[in-house]
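Taking it in order: structure first as structure tokens, then the write-up.
Atoms within each ligand, like the ligands themselves, are counted from 1 in listed order.
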Amino acid sequence: MLVTAKEMLEKAKAGKYAVGQFNINNLEWTKAILQTAQELNSPVILGVSEGAGKYMTGYKTVVGMVNGMLEELNITVPVALHLDHGSYEGCLKCVEAGFSSIMFDGSHYPIDENVEKTKELVKIAADNHMSLEAEVGAIGGEEDGVIGKGECADPDECKRIADLGVTMLAAGIGNIHGVYPENWEGLSFETLEAISEKTGDMPLVLHGGTGIPADQIKKAISLGVAKINVNTECQIAFAQATRKYIEAGKDQQGKGFDPRKLLLPGTEAIKDIVKEKMELFGSVGKA
Ligand code: 13P
């Protein structure tokens, strides 16, 4: 059964480790992530962007697929199904569809409007027993077609949003989605420390988990990050493994193209990344 992200993140924050959010795009990714979490006895969050939700034909299909897998794969570790970077309307749709967690990304609104909309969603999430992630300070890179600049959030604005009663807070600390440019300056630990100080026990979320060096990940966790999102790294590994398989000509052997075999190397590549991240984040054995 799906659970909210609340308990797993409170435990992670107190235990100084982080739970991984791995984005899903199809059945293969979902299965790979769930099986790895179960194998490593780790809690996990499945992230679904609005674009991925649409691709998978809609949120109800996603809920049906994930619930079916939890049962048929005998998954017993805590799993949250979470809307990633949701709009206000997207959040309402996921409440309706049966997600266990939502993110409202109001970071592109003026702070007062972000506060107003987040406040409404705090009530809706509570009424529906769901966890809610809010965002302050846009995270750079591309989020479903929207390019941000890698801002550092204002700690006072973070406190305003945290005080509304959200479950977890994503705050820009110089992180960006996608591959980091050569001249990236690294995470701003000064900003993270100031946000942690203002928001106390609030589990903080680090987006853009792809390509952040291990020492920076560990330091971020020590300063209050309890959830780390990873997507691009899985996309790259999935594409590379699939291409390698095709280039080897294996897909044309025997009876011809077999989609199940074609997608297997990519699926295995995702398992390896999820394992590596869970070990780095310290969530192994924490289910
Ligand atoms: P990356 O694609 O950079 O790993 O970031 C994922 C993310 O933050 C999803 O919200």
For this session: Select one of side chain, backbone, both or neither to describe which atoms of His85 lie under 4.0 Å from any atom of ligand 1, heavy atoms only.
Result: side chain

Problem set entry | Polar contact flag, side-chain donor to acceptor under 3.5 angstrom, Asn229-His207 | yes

Exercise. For atom 3 (O) of ligand 1, which protein heavy atom lies nearest, and how many Å away is it?
Worked result: Gly178 N, 2.9 Å

Problem set entry | For Thr232, atoms of ligand 1 separated by under 4.0 Å from a heavy atom | 1 (P), 2 (O), 3 (O), 4 (O)

Seminar exercise, completed: Between the CG atom in Asn23 and the OG1 atom in Thr30, the distance rounded to the nearest 0.5 Å is 10.5 Å

For this session: Find all atoms of ligand 1 within a distance of less than 4.0 Å from any non-hydrogen atom belonging to Val230, and give their numbers and elements.
Result: 4 (O)

Exercise. Which atoms from ligand 1 have a heavy atom of Asn231 less than 4.0 Å away?
Worked result: 1 (P), 2 (O), 4 (O), 6 (C)

Problem set entry | Polar proximity ligand 1 side, Gln21 side, N/O cut 3.5 Å exclusive | no

Exercise. Regarding Tyr88 and Glu120, is there a side-chain donor-to-acceptor distance under 3.5 Å anywhere?
Worked result: yes

Problem set entry | Cation-pi, Phe104 ring and Lys117 (6.0 angstrom, 45 degrees) | no

Exercise. With a 4.0 Å heavy-atom cut-off (strictly under), which part of Asp84 contacts ligand 1: side chain, backbone, both or neither?
Worked result: side chain

Exercise. Side chains of Thr76 and Gln38: is there a donor and an acceptor less than 3.5 Å apart?
Worked result: yes

For this session: Among all protein heavy atoms, pick out the one at the shortest distance from atom 4 (O) of ligand 1; state its residue, atom name and that distance to 0.1 Å.
Result: Thr210 OG1, 2.5 Å

Seminar exercise, completed: In this structure, atom 8 (O) of ligand 1 is nearest to the protein heavy atom Gly208 N, 2.8 Å

Problem set entry | In one Ile/Leu/Val/Met/Phe/Trp/Tyr side-chain cluster, 4.5 Å: Leu46, Leu206 | yes

For this session: Kindly assign one of parallel, tilted or perpendicular to the pair Phe281 and Phe22, based on the angle between their ring planes and the thresholds 30° and 60°.
Result: parallel

Exercise. In the protein, what heavy atom is nearest to atom 7 (C) of ligand 1, and what distance, to one decimal place, separates them?
Worked result: His177 CD2, 3.2 Å

Exercise. What are the atoms of ligand 1, with element, lying closer than 4.0 Å to any heavy atom of Gly209?
Worked result: 4 (O), 5 (O)

Seminar exercise, completed: So CD1 of Ile161 and CD of Glu133: to nearest 0.5 Å the spacing works out to 12.0 Å

